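What you see is a predicted model; the values in this text were computed from it and never measured.
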Amino acid sequence: MGASVPASPEILLTILLFAMSCLWAFPEVAGAKHAGITRHYKFNIKLTNVTRLCHTKSMVTVNGKFPGPRVVAREGDRLVVKVVNHVPNNISIHWHGIRQLQSGWADGPAYITQCPIQTNQTYVYNFTITGQRGTLFWHAHLSWLRASVYGPLIILPKRNVSYPFAKPHKEVTIMLGEWFNADTEAVISQALQTGGGPNVSEAYTFNGLPGPLYNCSENNTYKLKVKPGKTYLLRLINAALNDDLFFSIANHTFTVVEVDATYAKPFETNLLVITAGQTTNVLLKAKPIAPNASFYMLARPYFTGQGTFDNTTVAGILEYETSSNSTAFKPTLPPINATNVVANFTRRLRSLANSRFPVNVPQTVDKKFFFTVGLGNSPCPKNQTCQGPNGTKFSASVNNISMALPSSALLQSYFFKKSNGVYTSDFPSFPLHPFNYTGTPPNNTLVANGTKLVVVPFNTSVEVVMQGTRIFGAESHPLHLHGFNFYVVGEGFGNFDPNNDPKNFNLVDPVERNTVGVPTAGWVAIRFHADNPGVWFMHCHFDVHLSWGLRMAWIVLDGTLPSQKLPPPPSDLPKC
């Protein structure tokens with residue numbers, strides 16, 4: 001055989017360029033088989049004219065889209081999202097449900113982990129998705145901007161890792177949202193000024209579309225086309241501002257397989273309950289033979305409070321590809337105030353709790369908390385007329401403390417040890433003035449205002465009982481905890497009984513979530529390991545209650561190992 005001839009520089013360059021183009025076209029090959037890759041996104045925050053219900057308005061969007069763009073990654077990937085603010089409003093983006101292990105600076109709630117991104121400013125959110133896969137979402141986390149600034153965050157399993165259920169024919173994301181004819185920033189600004197309840201939305205939406213049950217909306221209808229006999233994975237996200245929602249599709253059943261990006265024991269149902277801030281994945285099996293019919297998918301609110309609310313129904317249409325759709329069927333949804341239906345649904349949720357997806361619920365707890373969550377009121381300022389209860393202003397609180405947001409970010413103040421004048425570390429573990437929480441409200445319903453935080457050492461096992469009240473009406477409160485998943489170990493109606501209720505806690509296969517509905521005039525108990533150092537927001541995911549102060553924050557101290565410490569902030573962290 002002849003001697004080998006060295007490749008020419010031109011051939012070497014061609015091979016190199018081809019290899020680089022492969023990495024660009026197929027970035028998964030840039031890492032090892034199970035190693036994550038880095039995925040880059042750019043969010044241009046801009047004003048866009050959008051028309052719904054024959055009403056056109058200019059609204060804040062990401063990249064001109066409503067809802068915003070889909071972000072897709074795999075477990076183990078790093079996400080780098082450059083956010084550029086081109087609008088007059090300040091903004092921040094929260095990656096709802098992402099643990100943010102050692103990346104608390106990227107969590108996003110304004111004045112908690114960062115100052116907001118101001119006009120013509122840029123911030124890069126940089127974080128790795130560790131130990132999570134499933135359906136989450138991203139949204140603005142300042143004032144009511146998330147009414148239009150939101151989108152899906154889909155985390156696929158690692159390469160060559162299967163779902164714990166049969167692979168579906170297709171995956172479909174359905175975002176439940178709201179449409180306001182008015183500027184939502186003006187709506188909440190007026191409500192906070194007058195102290196009364198805010199004006200409500202004109203419509204609910206599926207992927208930004210109100211559907212045919214609203215006037216002037218026939219052409220803005222979400223349609224899902226399916227093939228007979230095929231199975232579809234529906235990724236449902238409740239991104240509505242202020243509403244828990246019922247969801248159903250006529251003449252079809254679902255198999256629930258995941259909630260809040262954690263796998264669940266499968267169960268069949270024809271009705272879903274999704275509180276604000278929650279996600280639910282279901283398998284939908286199409287009928288084996290295409291019927292000559294179409295099927296409405298409907299969503300409408302679950303509500304038990306005393307205020308006004310959007311009492312309308314959003315409709316989409318499920319169609320079979322080969323059908324003539326001569327008849328349209330509608331599902332029957334429960335009454336608006338069907339609290340027992342909600343309780344029966346949530347109590348069916350269980351973790352998989354198997355060897356592949358074990359449960360890590362604390363069997364014992366180091367620290368117990370009891371938080372009342374509900375409404376209250378604040379005095380009307382002098383020389384002003386207020387439209388809240390008895391001429392006061394509506395407020396909301398945790399343990400009767402309505403959280404005042406600071407003018408600087410809590411995480412920076414904590415990290416640089418500059419808490420003086422920003423926050424105190426004396427949030428009460430229990431109500432300072434106990435009362436019959438679900439009975440007759442006390443005479444004094446005024447709340448205290450302050451920026452008080454809870455401090456827990458690293459890896460503390462925590463139990464929190466959240467107790468709803470009847471002050472100014474009993475209603476559900478979807479509580480969202482940043483930085484953690486938690487296990488829902490118990491729930492019930494009436495007042496929590498610390499002597500007897502814990503005996504019935506589920507410590508075997510409790511559902512794992514990041515957002516839980518505190519039952520109407522009831523309580524819910526959660527447990528989690530405080531294994532993520534930083535400052536973490538916990539709040540009601542009804543934005544009206546969040547705006548009224550139903551929010552608090554945790555400080556989780558550093559551990560001893562480098563992997564248990566919060567690293568310094570990035571250099572481009574926005575300044576207040």
Side-chain angles (χ1 to χ4, degrees), residues 41-71 81-94 96 108-111 115-123 125 137-152 175-194 196-212 214-222 237-243 276 308 310 312 314 542-544 546-547 574:
Y41 287 84
K42 186 175 183 183
F43 280 15
N44 283 303
I45 311 297
K46 55 193 287 189
L47 291 172
T48 306
N49 284 337
V50 179
T51 302
R52 298 289 187 272
L53 313 181
C54 282
H55 185 93
T56 301
K57 69 171 183 176
S58 176
M59 56 200 245
V60 181
T61 66
V62 171
N63 299 349
K65 295 182 177 181
F66 170 68
R70 187 173 75 142
V71 173
V81 185
K82 183 178 183 180
V83 178
V84 186
N85 187 7
H86 302 283
V87 303
N89 313 71
N90 289 348
I91 197 143
S92 70
I93 304 292
H94 170 52
H96 183 110
Y111 302 108
C115 298
I117 307 166
Q118 298 177 29
T119 306
N120 297 324
Q121 283 192 342
T122 297
Y123 181 47
Y125 292 92
F137 68 119
W138 57 264
H139 59 79
H141 212 304
L142 176 60
S143 189
W144 277 24
L145 290 170
R146 77 175 181 89
S148 57
V149 179
Y150 66 90
M175 299 205 75
L176 290 70
E178 289 183 83
W179 169 264
F180 291 76
N181 284 340
D183 172 13
T184 49
E185 290 305 279
V187 169
I188 184 56
S189 175
Q190 179 189 30
L192 293 177
Q193 178 70 26
T194 65
N199 293 332
V200 300
S201 54
E202 272 70 35
Y204 298 105
T205 58
F206 289 143
N207 290 342
L209 303 173
Y214 297 101
N215 289 333
C216 192
S217 188
E218 187 77 36
N219 294 330
N220 284 319
T221 299
Y222 173 71
I237 301 165
N238 186 353
L241 271 191
N242 294 308
D243 297 275
T308 56
D310 180 351
T312 64
V314 55
F542 291 157
D543 273 26
V544 59
L546 171 62
S547 301

Does atom NZ of K46 have more than 12 heavy-atom neighbours from other groups under 6.0 Å away? no
Is any side-chain heavy atom of P69 closer than 4.5 Å to a side-chain heavy atom of V62? yes
Look at the aromatic rings of F180 and W144 and report parallel, tilted or perpendicular, splitting at 30° and 60°. tilted
Does a side-chain N-to-carboxylate-O contact under 4.0 Å join K57 and D183? no
What is the distance from atom CG of N207 to atom CD1 of I237, rounded to the nearest 0.5 Å? 8.5 Å
Within-4.5 Å side-chain heavy-atom neighbours: S143 and I188: yes
Evaluate the criterion ring-ring contact (aromatic ring centres under 6.0 Å, His included) for residue pair F43 and Y41; output intermediate values, then yes/no. CA-CA 7 Å; F43 280 15; Y41 287 84; 7.0 Å; no
Looking at V87, L47, V50, which one forms a side-chain contact (heavy atoms from CB on, under 4.5 Å) with S58? L47
Describe, in one word, how the ring planes of W179 and H55 are oriented to each other, choosing from parallel (under 30°), tilted (30 to 60°) and perpendicular (over 60°). perpendicular
Can you confirm whether more than 12 heavy atoms, excluding those of N219, are under 6.0 Å from its CG atom? no
Verify the distance criterion only: is there a donor paired with an acceptor across the side chains of E178 and T205 at less than 3.5 Å? no
Within the structure provided, determine whether F137 and V71 are in side-chain contact (heavy-atom separation under 4.5 Å). no
Could you tell me whether the side chain of N220 reaches within less than 4.5 Å of the side chain of S217, counting heavy atoms only? yes
The reported gap from CG in D310 to CG in D243 (rounded to nearest 0.5 angstrom) is 6.5 Å
Anything under 30° is parallel, anything over 60° is perpendicular, the rest tilted; go ahead and classify H96 against H139. tilted
Is the shortest side-chain heavy-atom distance between N215 and L53 below 4.5 Å? no
Distance alone, cut at 3.5 Å: any donor-acceptor contact between the side chains of T312 and Y204? no
Is there a side-chain contact between T184 and S148 in this structure, where contact means two heavy atoms from C-beta onward sitting under 4.5 Å apart? no
Between Y125 and K82, does the side chain to side chain contact (heavy atoms under 4.5 Å, CB included) criterion hold? Intermediate values first, please. CA-CA 6 Å; Y125 292 92; K82 183 178 183 180; over 6 Å; no
How long is the gap from CD on Q118 to OG on S92, to the nearest 0.5 Å? 12.0 Å
If you define the side chain from C-beta out and look only at heavy atoms, does anything of V60 sit under 4.5 Å from I91? yes
Does a sphere of radius 6.0 Å around CG in N44 hold more than 12 heavy atoms from other residues, nucleotides or ligands, not counting ones at 6.0 Å or beyond? yes
Distance in Å, I93 CD1 paired with L145 CG, rounded so as to fall on 0.5 Å steps: 8.5 Å
Answer yes if the side chains of N85 and T119 hold a donor-acceptor pair under 3.5 Å, and no otherwise. no
For the side chain of N63 and the backbone of K42, is there at least one donor-acceptor N/O pair under 3.5 Å apart? yes
